[in-house]
Every structure is written in C-alpha cells, then in structure tokens.
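Contents: one structure, followed by commentary.
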Amino acid sequence: MRPPSPPTRPRPYRPGAPGPGRPRAAEPAEPPEPTEDADRTDGSFEAALAAREEAALEARYREAAAAGDPGAASLLGAMLLRRGDLADAEPHLRRACGAGLRAAANNLAVLLHRRGHREEAAHWWREAAVAGSAPAAHALGLHLRDHGDESGAEYWLHFAAEHGHTLGAYALADLLEHRRDVRAERWFRIAAEAGHREGSYRLARMREAAGDRETAETWYRTAAARSHSRAALRLGVLLEERGEREEAARWYRQAAQNGEPRAACALGFLLRDSGDPEAAAEWWREAAEGGDGNAANALGALHANRGETALAEHWYRAALDAGDHNGAFNLGLLCAAAGRERQAEQWYRRAAYAGHREACNALAVLLLQHGDPSGAAPWFSKAAEAGSVDAAFNLGILYAGRGEQHEAQEWYARAAAEGHGEAALQLAVAKERRGDLGAAVHRYRQAAQGGSAEGAFRLGSLLDRQGDADDEAEHWYAVAAEAGHGRAQVRMGVRAAARGATDAAEGWYRRAAEGGSRSAAFNLGLLLAREGAEAEATLWYTRAADAGHGRAALRLALIAARRGELTQARNWCLRAAEYGPAEVAERAGRLLEALNTELSA
C-alpha cells in the first residue's frame with residue numbers, strides 16, 4: 001500500500017544559476033551539527049593551518065554574500081551553523097531561502113529547531129522537502145510523527161528512504177514496526193545494509209522472533225562489530241545457548257565494557273559456572289552498580305552461601321531498589337533461614353503483592369505452618385494460577401488435608417502435568433489404592449521421571465509384584481537407590497545377594513544401613529556372618545536391634561547364649577519378644593524359657 005499524499009507534493013528543484021565564479025550552495029547529507037574540532041586549539045601547525053584556511057573561506061563567502069550571491073549566503077550560513085553561531089547564521093540562511101535554495105531552507109529549519117521554534121522549522125523543512133531534499137523530508141517526517149500525524153510522517157519518511165536517506169529508512173521502519181506493519185523489515189534491512197547499526201540490531205531482533213536464528217546472528221554480529229552493546233549481548237546469549245561459551249564471554253565482555261549492565265551480569269554467570277566466583281563477583285558488582293537487579297541478587301546469593309548475611313542483605317536490598325522483586329523474596333528467604341519469621345513474612349508479602357509467584361507460595365507455606373490454612377489458600381491459588389508448580393502441589397495437599405479429595409486430585413494433576421514428581425506420586429498412590437494398576441504404573445513412572453525417589457521405588461515394587469517386567473523393576477529400584485532411597489537400597493542388596501553378587505549386596509546394605517535402615521543393618525550382619533566376620537556382624541545386629549528390629553535382637557540373644565552370656569541373652573530375648581513380629585516373639589519366648597531354666601539351675 002502506498003503512503004497517502006500530503007497536500008504539497010515534491011517537485012523538481014530548479015535553483016537560480018549562480019553567477020560566474022559564485023560558489024554553489026551545498027546541501028549537507030544530515031542536518032548539520034556544531035563541529036567540535038579539538039585539534040584546532042592544541043597549537044599544532046595543522047590546526048593553525050586549518051583555522052587560516054577556514055577563515056579565508058569564510059571571508060570569501062562573506063564577500064560574495066554581501067555582493068548578493070544567495071549560494072554564498074547559504075554556504076556561509078551552514079558554516080556558521082556548524083560553528084554554533086546561530087545569531088550570525090540566521091540572516092544569511094533566510095536570505096538564501098528567499099532565493100529558493102533548498103539547502104538553506106533545510107539548514108534554517110535546523111537552526112530554528114535548535115532555538116525551539118519547531119513550527120517554523122517544520123515550515124522550512126517542508127519547503128526543502130517539497131523541493132526534493134531527503135534530509136529535510138526525514139526531519140519533517142520525525143516532526144510530524146512526534147505531533148501525532150503518522151500518515152504524513154510515513155509519507156515524508158518514505159520519500160526520504162526512497163531517495164537513499166539511511167536515517168529516513170530506519171525511522172520509517174521504526175514507525176511501521178510500531179504499527180505492526182510487515183513492511184518494517186524491508187526498511188530495517190535497507191538501513192542495516194547501509195551501515196545503520198541500530199537498524200542491524202532491530203532487523204536481527206525481528207529475524208530472531210521469526211525463528212530465523214541464523215540470519216539474526218549475522219545481523220547481531222554486524223551491529224556488535226560496530227560496538228552496539230545490546231547486539232553484543234544478544235549475540236552472546238545465542239552463542240551461550242549453543243555451548244560456545246568462550247566466544248559468548250568475549251561478546252558479553254565487549255557489551256559490558258560499553259556500559260551494558262545485563263552483559264556484565266551474564267558474563268558473571270559464565271565465570272561462576274566455569275569455577276571463578278571471584279571474577280564473577282567483580283562483574284556482578286559492576287552490573288549491580290549499573291542498576292541490574294539480577295546481578296545484585298546474584299551477589300546477595302554469593303554472600304549468603306558464604307554465611308555473610310549482612311552483605312547478602314545489602315545486595316538483596318540493592319536488587320529491590322533496582323525494581324527487582326526477587327530481592328524482596330530473597331530477603332524473605334534470608335530472614336526465614338535465620339529464624340526471623342515475622343520479617344520473612346513481611347518480605348514475602350511485599351514480593352507477593354508485586355506478583356512474585358514463588359513469594360506467594362512461600363508466604364502461603366509460612367501461614368500454613370502458623371496454623372492459618374484459610375489465609376494460606378488464596379496465596380497458594382494466586383501462585384498456582386501464575387504458574388507455580390509447587391503451589392499447585394501444595395494446594396493439593398491443602399485440599400487433601402480438608403478431605404476434599406476431588407479438588408486435591410485436580411491440583412495434583414495440574415502440578416503433575418508440569419513435571420512435579422511428588423504430585424504424580426500422590427495420583428499414583430490413589431490409583432493403586434483403587435486397584436487401577438495400569439493407571440498407577442503410568443503415574444508412578446511419571447513421578448519417577450519427575451525426580452521422585454519414592455515414585456521410582458513404588459514403580460519398581462509394583463512391577464516386581466506383577467512379575468512380568470523384572471528388568472524394568474530393577475532399573476527403577478536402582479534409580480531410587482542411587483537417589484538415597486533406603487528401602488530401594490535394601491531391595492537392590494537382596495537382589496544382588498540372590499544372584500550371588502556378594503560385594504554388590506554388601507555395598508547396597510552398607511549404604512542403606514549408614515542411612516538409618518534397620519533392615520539393611522540386619523541383612524548386612526547376616527551377610528558378614530556368612531563370610532566369617534562375626535564381630536562386625538554383631539555390631540550391625542546391635543544397631544538394627546537398637547532401632548527396634550526383632551530378628552536382630554533374637555540373633556544377638558542366640559550369639560550371647562552360645563557364648564554363655566546368659567543374662568545378656570535373656571535381655572535380648574525380652575527385646576525380641578517386644579519388637580516382634582509374632583514368629584520372632586514365639587521363638588524368643590521358647591529361648592527365654594530355656595534360658596530361665598538354665599539360669600535357675
């Protein structure tokens with residue numbers, strides 16, 4: 001679609017022909033800016049020579065302008081404008097404008113715009129643009145855009161862009177993108193190909209959003225090579241995501257050195273992950289001081305892990321001051337860890353009211369621990385609706401505690417769908433209780449894949465009982481056992497012992513026994529006794545018996561009786577009878593009768 005035509009259309013420019021020897025007015029490629037040439041004040045020969053040449057040129061322009069040459073007046077006005085001598089430049093530019101010189105009209109508009117006379121500036125930009133000036137069309141387009149005339153702005157920016165004006169192409173693309181017009185990409189590309197670094201960056205963003213990462217990376221590189229800090233940051237992100245961490249660090253460093261705090265923060269995380277927390281802290285500190293809340297939180301966490309709570313609190317507060325509500329949440333965690341629950345609740349509330357979903361969940365947990373389930377429920381709901389999987393699981397627990405099983409199952413299902421292993425475990429247990437073993441297997445598998453050791457153990461146990469998936473059952477026992485699940489470790493030990501893998505069995509029994517499993521301690525004792533290590537076996541029997549294991553107590557009674565330690569044997573018999581089960585209690589009773597007879601004799 002072509003842009004609408006404004007009331008006045010561009011026309012070919014026909015300047016008055018300068019007289020013989022008269023200078024022709026040149027139109028700047030951009031609205032001229034004051035020239036700041038430091039070399040002209042350093043006393044060098046080159047600076048002095050340049051100053052003399054400029055002075056001589058100015059004198060010639062003044063002489064020609066005084067003689068009535070509009071071209072000279074235009075050039076003199078442009079020279080004075082660049083120098084910043086607006087008062088002296090204005091009459092010369094107005095005189096040249098009166099002669100119809102479009103360069104003078106453009107430069108007069110620049111001068112008036114600097115002085116704050118924006119409407120008159122727009123008038124002269126329009127005069128120059130109608131005469132065919134691309135820089136004036138660009139400036140007029142920006143003026144109209146800023147005054148809400150988007151159709152007029154589009155027309156003149158389009159005119160400037162079509163006439164090869166790079167800034168016009170970029171401004172046109174910016175306007176079109178604001179209106180979600182697909183033509184924006186074409187003009188960003190034209191600006192980028194002409195060397196406009198922001199155009200390169202914006203084009204890269206568009207291509208990345210479209211899923212074309214290869215093209216996006218090319219344009220990010222183009223912009224980053226021209227020291228565009230955000231392009232360097234995005235390029236670093238793309239490289240890091242595909243594992244090219246060394247090159248990513250190089251671009252992050254460039255962006256950080258160019259003042260991009262987010263790049264300094266990202267570089268800090270790269271350095272931390274590579275094992276250099278001190279260097280990471282330096283970049284985080286630089287980013288945090290530049291207003292990056294994420295970096296301030298990272299510094300806070302670093303100090304918190306070192307036990308430096310005062311410094312951690314300082315940086316968490318800095319994160320909050322930077323507008324990052326993770327700071328309030330982390331302050332809550334810090335206070336909770338120190339037992340300052342009232343302060344923790346205040347910080348959680350601050351973050352929760354700002355929409356921090358994990359703070360909502362933490363606040364709800366705290367309220368629940370304080371016996372306020374009605375106060376906890378809405379915060380769990382808010383967190384769950386915002387996408388907190390833990391909050392959805394906690395809502396399930398809350399409803400289950402109220403006996404509202406249907407609602408509990410709904411929230412468990414919601415959490416399980418997002419990969420929450422413990423939620424899937426709750427669903428699986430419910431299915432198994434109802435006899436729906438197929439659904440239970442599915443949910444246990446989901447729980448195990450979500451990281452639930454109990455889910456993995458129960459899956460292995462159910463498959464074991466069904467008897468048609470022995471290898472898979474052992475696989476899930478192993479998964480649970482490696483995660484530290486005591487019963488799974490015992491089960492792995494039993495299986496290893498059954499196939500004669502004594503060393504493996506002993507290893508699993510030891511891990512479980514050292515973790516507090518009395519069954520594992522007893523089984524380890526049996527295994528060691530069979531290998532002739534009765535002294536160590538006795539130690540493990542004792543540990544198991546002290547934890548209430550009846551068979552271990554009975555075994556110790558037999559060992560003591562064999563050694564003639566009848567009183568000790570009698571004490572172990574009493575404990576075995578107490579611990580059970582019934583079979584052990586019966587055997588302990590018979591042994592106790594024999595011991596009593598022996599003792600009385």
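Computed over heavy atoms, backbone and side chain alike; hydrogens, waters and symmetry mates excluded. Keep in mind it's a predicted model, so treat the numbers as computed, not measured. FYI, the numbering just counts along the sequence from 1.
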_Aromatic contact, His117 with His113 (centres under 6.0 Å)_ = no

*Whether Thr215 side chain and Asp212 backbone form a donor-acceptor pair below 3.5 Å*: no

*asked:* Are His196 and Ile190 packed together at the side-chain level, in the sense that at least one heavy-atom pair is separated by less than 4.5 angstrom?
replied: no

*asked:* Looking at every heavy atom in both Arg202 and Asp174, which two are closest together, and how far apart are they?
replied: NH2-OD1, 2.7 Å

*asked:* Quick one, Glu482 and Arg511 - any side-chain contact, counting heavy atoms below 4.5 Å?
replied: yes

*Can the ring centres of Phe159 and His163 be said to be less than 6.0 Å apart?*
yes

_Test of ring centre spacing under 6.0 Å for Tyr477 and Trp508_ = no

*Under-4.0 Å salt bridge between Glu241 and Arg213*: yes

_Salt bridge present between Glu247 and Arg221 (N-O < 4.0 angstrom)_ = yes

*Does one side chain, of Asn330 or Asn297, offer a donor that lies under 3.5 Å from an acceptor on the other?*
yes

*Taking the six-membered ring for Trp, are His158 and Trp187 ring centroids under 6.0 Å apart?*
yes

*Check Asn326, Asn361, Asp324 against His356 for a side chain to side chain donor-acceptor pair (under 3.5 Å) and give me the one that passes.*
Asn326

*Just by distance, do the side chain of Ser133 and the backbone of Ala129 share a donor-acceptor pair under 3.5 Å?*
no

*Separation between CZ of Arg357 and CZ of Phe329, rounded to the nearest 0.5 Å*: 11.0 Å

*Report the residues that fulfil ring pair (Phe, Tyr, Trp, His ring centres under 6.0 Å) with Tyr412, sequence neighbours left out, ordered by chain and then residue number.*
Phe393

*Can you measure from CD (Glu208) to CG (Leu235) and round to the nearest 0.5 angstrom?*
10.5 Å

*Is any NZ, NE, NH1 or NH2 atom of the basic residue among Arg487 and Glu454 found under 4.0 Å from an Asp or Glu carboxylate oxygen of the other?*
yes

*asked:* Salt bridge or not between Arg306 and Glu278? Use side-chain N to carboxylate O under 4.0 Å.
replied: yes

*Can you spot which of Arg179, Arg183, His178 makes a side chain to side chain donor-acceptor pair (under 3.5 Å) with Asp181?*
Arg183

*Enter the distance from Glu345:CD to Arg349:CZ here, rounded to the nearest 0.5 Å.*
4.5 Å

_Is it the case that the side chain of Gln254 and the backbone of Ala224 share a donor-acceptor pair, with hydrogens and angles ignored and the cut-off at 3.5 Å?_
yes

*With a 4.0 Å cut-off, would you call Arg445 and Glu472 a salt bridge?*
yes

_His370 and Glu341: side chain donor to acceptor below 3.5 Å_ = yes

*Give a yes or no on whether the ring-centroid distance for Tyr220 and Trp251 is below 6.0 angstrom.*
no

*To the nearest 0.5 Å, how far apart are CD in Glu260 and NE2 in His228?*
9.5 Å

*Apply side chain to side chain contact (heavy atoms under 4.5 Å, CB included) to Cys265 and Trp284, showing your working.*
CA-CA 5 Å; Cys265 180; Trp284 282 335; 4.3 Å; yes

*How many angstroms lie between CD in Glu185 and CG in Leu176, if you round to the nearest 0.5 Å?*
12.0 Å

*Quick one: CG on Asn294 to CG on Leu299, what's the gap to the nearest 0.5 Å?*
10.5 Å

